[in-house]
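A quick write-up on the structure given underneath.
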Amino acid sequence: MKRCLALCLALLMLPASTLAENRVFYEIFPASFRDSDGDGCGDLNGITEMLDYIADLGAEGIWLMPICPSPTYHKYDVTDYKAIAPEYGTMEDFDRLAAETDARGIRLLVDLVLNHSSSLHPWFLEASRCLANGEESPYTDYYHFSQEAIPGWHTVPGAPGWYYEGGFTYEMPDLNLDNESLRQEILSICKFWIDHGVDGFRLDAVLHYYGEDIAQNVAFLTWLMEHLREMKPDIYVVGEAWKDAGTIAQYYPSGISSLFNFPFSGAEGEIVNAIRSKKGASFAKKAEKWYATVSANGGVDAPFLSNHDNARVAGTLMQKTANLKLAASMMLTLPGNPFIYYGEEIGMTGSGRDENKRLPMIWGENESICLPPANADQTASCQGSVREQLHDPASLLNHYKTLTALRKQYPAIANGTLTALETENNSVCAYRLEYSGETIFVMHNLGRKEATVAFSGSLVAALPCAEGEILLNDGMLTLPAQSTAILK
């Protein structure tokens, strides 16, 4: 009871703007972003060098994919939760990055992998050694071990007759999150990073903490969120629950800040499907239903187009500039905290194996380019390098910048309650966003023909489209094909 009262008081003391502060985040795979020292590997100092670019893009938050030591290129199997991978730099480099993000008002998130550790983590190595020698060890209860050969489990190295659970691979033994000592380790890890300046965490694989047992997963997240908010009342935590809308909604009662909007993302997600089918009105109704669900559960949506596990949206939409601009317009005019995957803003491609989805950022010719992951078998293409697109007013990059600026100019876009509107044209996605006395209307024409919509109000932004001009005359709005209008 005392802990709950303290938490409530801490939250009440926060400025309202902090609690309602929705912003654009930028996802970075550090190894492929920016190489500051010429060794071919992106690093923390490279990210620090490009913070002004990220701020100019309009992102007010960064999510760093795993930065801890790991034997793999992706680093989702951690060997030390309180250290920086040597190829990425030092803790001093991280502290400098945290200070520079803070100076620019950019929130810094780090990936937190709690479902499993590396099979090379000292906890697992010690547990395996003790099992092999018949010794007692507190670390044997940090994992799931058995002398029964359970299907899908793996043989403990050096300990015949012992097996362990590793749902993803043998390199990633699942952690026993019921162990109280391990839970204290987890809180210590979280406090370590908060003390080093992080503003929150991206939680990996929250569906798998207890073998997809939703009730146990939610109970663990509830425990974690209570303790995180005691450490930092304004902490932001976004979870990866890669599942259908109904399942994702069941995780919001845990108190987690956000969950990624997987139903709207990817090659088969609602945004791409709407662009392909040209069914704008249907998308608006689905968006209204989804946002009502998220809001009812006290969460903030985290929409995105693609991430490090998906084929990049530029390839999915066949590198057609009008489609890519429309996808960006749809994602960045939804409320919540949208996440841009690095390179998405310049139309980078990548599909197939995961390494292809994490190719080097294309800054410009000979400009701090990183080497691709070792097993990549594609070379990224794009709509033009960052250097080229910055100087082209009609570029995809500048389209993204326009959209992020609109979110800041009109807070109802980022924070509003979304209500679908009927326009009598199935190609038009129209909705109203209301927040703190402000009302904004968003209209996307997903069709390949001009559309007209009756509207009494004013046009505040006409986003570039393939052809034609967005006009509002005598109560009639003219929307060329694949265009977006923001109105009041």
Side-chain angles (χ1 to χ4, degrees), residues 1-28 44 47 51 59-68 78 81-84 91-114 177 182-204 206 209 218-240 251-260 297-302 336-337 339 414-415:
M1 177 64 72
K2 288 182 179 178
R3 189 168 70 188
C4 286
L5 180 59
L7 174 60
C8 290
L9 289 172
L11 291 172
L12 287 171
M13 290 172 66
L14 286 175
S17 59
T18 300
L19 294 175
E21 183 181 43
N22 293 346
R23 55 180 64 208
V24 176
F25 282 82
Y26 193 71
E27 179 191 358
I28 297 174
L44 296 177
I47 296 169
L51 287 178
E60 295 178 295
I62 295 173
W63 155 28
L64 298 181
M65 289 173 64
I67 56 174
C68 295
V78 176
Y81 284 95
K82 295 181 179 179
I84 299 294
M91 190 57 69
E92 289 74 20
D93 295 334
F94 182 85
D95 290 340
R96 187 180 310 111
L97 172 61
E100 292 295 333
T101 56
D102 188 59
R104 292 166 174 80
I106 295 174
R107 302 262 282 182
L108 180 61
L109 310 183
V110 295
D111 227 310
L112 187 58
V113 186
L114 301 180
L177 297 175
L182 175 60
R183 287 194 174 203
Q184 294 309 308
E185 296 265 21
I186 288 170
L187 295 181
S188 176
I189 291 163
C190 294
K191 187 176 187 305
F192 174 86
W193 289 106
I194 290 171
D195 288 347
H196 277 277
V198 306
D199 298 293
F201 301 100
R202 180 265 187 182
L203 298 181
D204 182 60
V206 301
Y209 289 163
V218 169
F220 175 77
L221 284 172
T222 302
W223 169 85
L224 181 62
M225 289 306 305
E226 287 177 354
H227 284 282
L228 288 177
R229 288 202 169 99
E230 286 179 352
M231 296 180 197
K232 184 175 174 60
D234 66 340
I235 198 162
Y236 178 69
V237 179
V238 56
E240 179 204 27
Y251 281 79
Y252 270 112
S254 68
I256 195 168
S257 315
S258 293
L259 292 155
F260 287 112
N297 285 287
V300 176
D301 193 39
N337 293 318
F339 280 73
N415 303 287

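Counting heavy atoms from C-beta on, the side chains of I194 and F201 come closer than 4.5 Å. Counting only heavy atoms from C-beta outward, the side chains of V238 and L109 approach each other to under 4.5 Å. A 4.5 Å side-chain heavy-atom check between K82 and S188 finds at least one atom pair inside the cut-off. In this structure the side chain of L203 reaches within 4.5 angstrom of the side chain of I256, judged on heavy atoms. Within the 4.5 Å cutoff, the side chain of L224 has heavy atoms near those of the L114 side chain. Taking the side chain as every heavy atom from C-beta outward, R96 and L44 never approach each other to under 4.5 Å.
Atoms CZ and CG, from F260 and D301 in turn, are 10.5 Å apart once rounded to the nearest 0.5 Å. Taking CH2 of W223 as the start and CG of L228 as the end, the distance is 8.0 Å to the nearest 0.5 Å. Rounded to the nearest 0.5 angstrom, D93 CG and I47 CD1 are separated by 10.5 Å. For the atom pair CD of E27 and CG of L64, the computed distance is 10.0 Å after rounding to the nearest 0.5 Å.
No side-chain donor-acceptor contact under 3.5 Å links Y251 to the backbone of E240. No side-chain donor-acceptor contact under 3.5 Å links N337 to the backbone of A302. For the pair D204 (side chain) and L112 (backbone), a donor-acceptor distance under 3.5 Å is absent. Proximity of a side-chain donor or acceptor of R183 to a complementary backbone N or O of L177 within less than 3.5 Å is detected. Between the side chain of N22 and the backbone N or O of A414 there is at least one donor-acceptor pair closer than 3.5 Å.
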- Between D95 and H196, is a side chain to side chain contact (heavy atoms under 4.5 Å, CB included) present by the stated rule, with each step listed? CA-CA 6 Å; D95 290 340; H196 277 277; 2.6 Å; yes
- Message: side chain to side chain contact (heavy atoms under 4.5 Å, CB included) for L51 and L97? Distances and angles first, verdict last.
- Response: CA-CA 9 Å; L51 287 178; L97 172 61; 4.0 Å; yes
- Message: Could you go through V237 and L221, starting from their C-alpha distance and side-chain angles, then the distance that decides it, and tell me whether this counts as side chain to side chain contact (heavy atoms under 4.5 Å, CB included)?
- Response: CA-CA 10 Å; V237 179; L221 284 172; over 6 Å; no
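The aromatic rings of F339 and W63 sit perpendicular to each other, their planes meeting at more than 60°, with 30° as the lower class boundary.
Residues Y252 and N297 come closest through the heavy atom pair CB-CB, 3.4 Å. Across all non-hydrogen atoms, the minimal contact from R23 to E60 is NH1-O, 2.6 Å. Among all heavy-atom pairs drawn from V113 and P66, the shortest one is CG2-CG, 4.3 Å. For the pair I235 and S257, the tightest heavy-atom approach, listed with the atom from each and the gap, is O-OG, 3.8 Å. Looking at every heavy atom in both residues, S254 comes nearest to V218 through CB-O, 3.8 Å.
Checked against the 6.0 Å centroid criterion, the rings of W193 and F94 qualify as a close aromatic pair.
Contact check on D234 versus K232 returns a salt bridge, with a Lys/Arg side-chain nitrogen under 4.0 Å from an Asp/Glu carboxylate oxygen.
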